[in-house]
Amino acid sequence: MDLDTITKHSALHAKPSGLILQYGTAGFRMKAEHLDHVMFRMGLLAVLRSKQTKSTIGVMVTASHNPEEDNGVKLVDPLGEMLAPSWEEHATCLANAEEQNMQRVLMNICEKAAVDLQQAAFIVIGRDTRSSSEKLAQSVIDGITVLGGQFHDYGLLTTPQLHYMVYCRNTNGQYGKATVEGYYQKLSKAFAELTKQAFCSGDEHRSLKVDCANGIGALKLREMQCYFSEGLSVQLFNVGTKGKLNHLCGADFVKSHQKPPQGMEMKSNERCCSFDGDADRIVYYYYDADGHFHLIDGDKIATLISSFLKELLLEIGENLNLGVVQTAYANGSSTRYLEEVMKVLFSKAAEMKIKQLAEELEDKKRKAAKMLANIIDLFNQAAGDAISDMLVIEAILALKGLTIQQWDALYTDLPNRQLKVKVADRQVICTTDAERQAVTPPGLQEAINDLVKKYKLSRAFVRPSGTEDVVRVYAEADSQGSADSLAHEVSWAVYQLAGGVGEKPQPVSEDI
């Protein structure tokens with residue numbers, strides 16, 4: 001490792017004085033103009049991680065659902081998973097190092113992580129459609145090449161596609177072909193195999209309206225349409241030709257505001273969905289006959305999928321357990337529903353057993369096992385993937401003959417509201433119990449507990465954003481009015497006790 005050469009190149013990507021960043025679950029995110037040095041240094045770090053793991057490592061340039069003027073970067077570990085926590089610390093140290101300390105920080109990382117500097121390194125790179133992404137990706141490449149790493153630049157990709165590429169490369173192609181074409185072919189083949197029975201039984205041609213958040217999802221879904229067009233017709237909105245990325249559209253907007261995106265015309269009972277800016281999130285929604293908006297988020301998506309998987313497992317007759325992992329944001333009604341139906345985890349061992357059964361069982365059971373095998377192939381197992389999840393959902397709805405209203409009626413969500421509170425420093429809030437309890441600042445959790453007692457069937461929690469200086473507030477209760485009031489009161493407590501800045505929290509209005 002030629003430290004003098006690294007120092008020389010690093011000066012071309014100089015760190016703004018005094019800028020301090022924290023690598024979180026979403027990597028680094030901030031205004032794009034402040035990220036050049038971070039990108040160069042993450043190129044360096046990706047090479048060291050590749051040498052240490054003796055694997056291909058991914059670097060994705062994106063800020064997901066953040067505003068268009070932001071950007072970000074995250075590293076992808078060998079099986080498509082998030083960067084290991086110990087390396088998140090290395091990323092933070094390296095990004096924050098002053099120029100004169102760069103050599104020392106790099107050597108410390110090599111020593112602590114036992115990096116073999118003689119080992120070859122290979123990095124794959126992807127980026128979203130932001131105007132800043134191409135230049136920032138070049139800064140990543142500069143960091144890779146100065147350390148002698150090899151790379152492949154995929155150019156424009158959804159975030160889940162880059163995770164998929166990393167997984168494919170590190171399983172020597174066993175998971176799939178590490179190309180965009182390979183991704184399209186694998187998912188569409190599984191979708192076609194799953195749905196051919198439903199469509200040949202006389203079902204009408206299915207159609208879906210998709211809000212692409214003016215992001216990369218529009219480009220990739222348009223490329224992929226021809227692969228599955230016989231089974232599903234998708235009509236794309238917010239494709240990036242007019243509106244701004246994630247502005248008044250996309251999954252995060254629809255989920256937070258509980259109303260449709262701008263730029264999409266909806267008729268009653270039409271099935272619609274929204275991706276976020278890098279196509280790793282999805283929500284469904286529709287208008288009922290009375291003009292009421294219904295949101296179908298991750299809870300009901302997980303319920304639909306897990307219920308279908310359980311039915312197939314029962315049909316096979318194998319004693320395999322199935323479970324769902326939820327976050328603190330899961331609606332209380334979904335948790336109660338799932339607890340009555342299923343228990344543990346769907347494991348890799350179960351996947352291998354299912355594929356074996358698909359070849360061995362009698363006709364009826366073999367059919368169910370093959371469905372399970374195709375569902376497994378239709379999932380992007382490397383990361384949450386809006387395109388993959390959309391195809392899984394559409395296949396299950398077709399096979400079960402469910403309308404979106406029937407899916408929505410599986411259980412009734414408790415009314416809920418999510419809000420954001422701007423704070424001077426999000427790190428003043430520390431949480432525990434899966435982010436459901438605030439440990440700091442003092443008095444905040446006690447205030448939340450007192451507020452929750454005022455409402456029926458209620459709960460609320462707060463957590464710091466991983467990407468910006470805001471605190472996210474979640475509240476649910478027995479009525480929408482109560483959920484809105486609780487969310488506002490908790491937001492006010494956060495503003496007062498956690499260093500709120502800017503406009504004070506206002507009562508929730510219908511057009512929030």
Step-by-step side-chain hydrogen bond (donor to acceptor under 3.5 Å, both in side chains) determination, Gln174 to Tyr167: CA-CA 9 Å; Gln174 291 182 27; Tyr167 193 10; over 6 Å; no
Main-chain N/O of Gln119 paired to Lys51 side chain as donor or acceptor, under 3.5 Å: yes
Output field: ring centroids Tyr285/Phe293 closer than 6.0 Å: yes
Lys/Arg-Asp/Glu bridge criterion (N-O < 4.0 Å) met for Lys15, Glu98: yes
Distance-only side-chain donor-acceptor flag, Glu134 / Gln138, under 3.5 Å: no
SB check Asp377 Lys189 (cutoff 4.0 Å): no
Non-hydrogen side-chain atoms of Met224 and Leu391 separated by less than 4.5 Å: yes
Side chain to side chain, Phe275 and Arg281, heavy atoms closer than 4.5 Å: no
Side-chain heavy-atom pair His90, Trp87 within 4.5 angstrom cut-off: yes
Donor-acceptor under 3.5 Å (Lys422 side chain, Gly502 main chain): no
Side-chain H-bond candidate by donor/acceptor type, Asp36 with His13, under 3.5 Å: yes
Side-chain heavy-atom pair Val421, Arg472 within 4.5 angstrom cut-off: no
Heavy-atom neighbours of Glu33 CD exceed 12 at 6.0 Å: yes
Pairing residues for Tyr495 by the ring pair (Phe, Tyr, Trp, His ring centres under 6.0 Å) criterion, not counting sequence neighbours: Trp492
Any side-chain donor near an acceptor of the partner, Ser388 and Asp385, under 3.5 Å: no
Side-chain (Ser334) to main-chain (Ala330) donor-acceptor, under 3.5 angstrom: no
Lys209/Glu265 ion pair, N-O < 4.0 Å: no
Centroid-centroid under 6.0 Å between Tyr164 and Tyr175 rings: yes
Donor-acceptor pair, side chain of Asn96 and main chain of Thr92, under 3.5 angstrom: yes
Lys/Arg N to Asp/Glu carboxylate O, Arg29 vs Asp70, below 4.0 Å: no
Gln52 and Arg49 side chains, donor-acceptor separation under 3.5 Å: yes
Neighbour count above 12 (heavy atom, 6.0 Å) for Met82 CE: no
Verdict with supporting geometry, Ser64 and Asp278, side-chain hydrogen bond (donor to acceptor under 3.5 Å, both in side chains): CA-CA 5 Å; Ser64 188; Asp278 64 339; 3.0 Å; yes
Close side-chain approach of Tyr284 and Met390, heavy atoms under 4.5 Å: yes
Whether Tyr329 and Tyr474 hold their rings parallel, tilted or perpendicular, with breakpoints at 30° and 60°: perpendicular
Close side-chain approach of Arg127 and Tyr154, heavy atoms under 4.5 Å: no
Gln225 side chain vs Val234 backbone, donor-acceptor pair below 3.5 Å: yes
Side-chain touch Phe379/Val392, heavy atoms, less than 4.5 angstrom: yes
Option among Val115, Ile57, Thr53 that satisfies the side-chain contact (heavy atoms from CB on, under 4.5 Å) test with Leu48: Val115
Evaluation steps, side-chain hydrogen bond (donor to acceptor under 3.5 Å, both in side chains), between Thr158 and Asp280: CA-CA 7 Å; Thr158 70; Asp280 64 356; over 6 Å; no
Side-chain heavy atoms of Asn214 within contact of Lys244, under 4.5 Å: no
Test item: Ser50 side-chain N/O and Phe122 main-chain N/O as donor-acceptor pair under 3.5 Å: yes
Pair Asn331, Asp299: side-chain N/O donor-acceptor within cut-off below 3.5 Å: no
CA sep, side-chain torsions, deciding dist, call: Tyr184, Glu223, side-chain hydrogen bond (donor to acceptor under 3.5 Å, both in side chains): CA-CA 9 Å; Tyr184 294 155; Glu223 289 177 359; 2.5 Å; yes
Glu68 with Lys31: basic N within carboxylate O range, under 4.0 Å: no
Ionic contact status for Asp297 with Lys255, cut-off 4.0 Å: yes
Pro442 backbone acceptor or donor facing Thr440 side chain under 3.5 Å: no
Gln103 and Thr7 side chains, donor-acceptor separation under 3.5 Å: yes
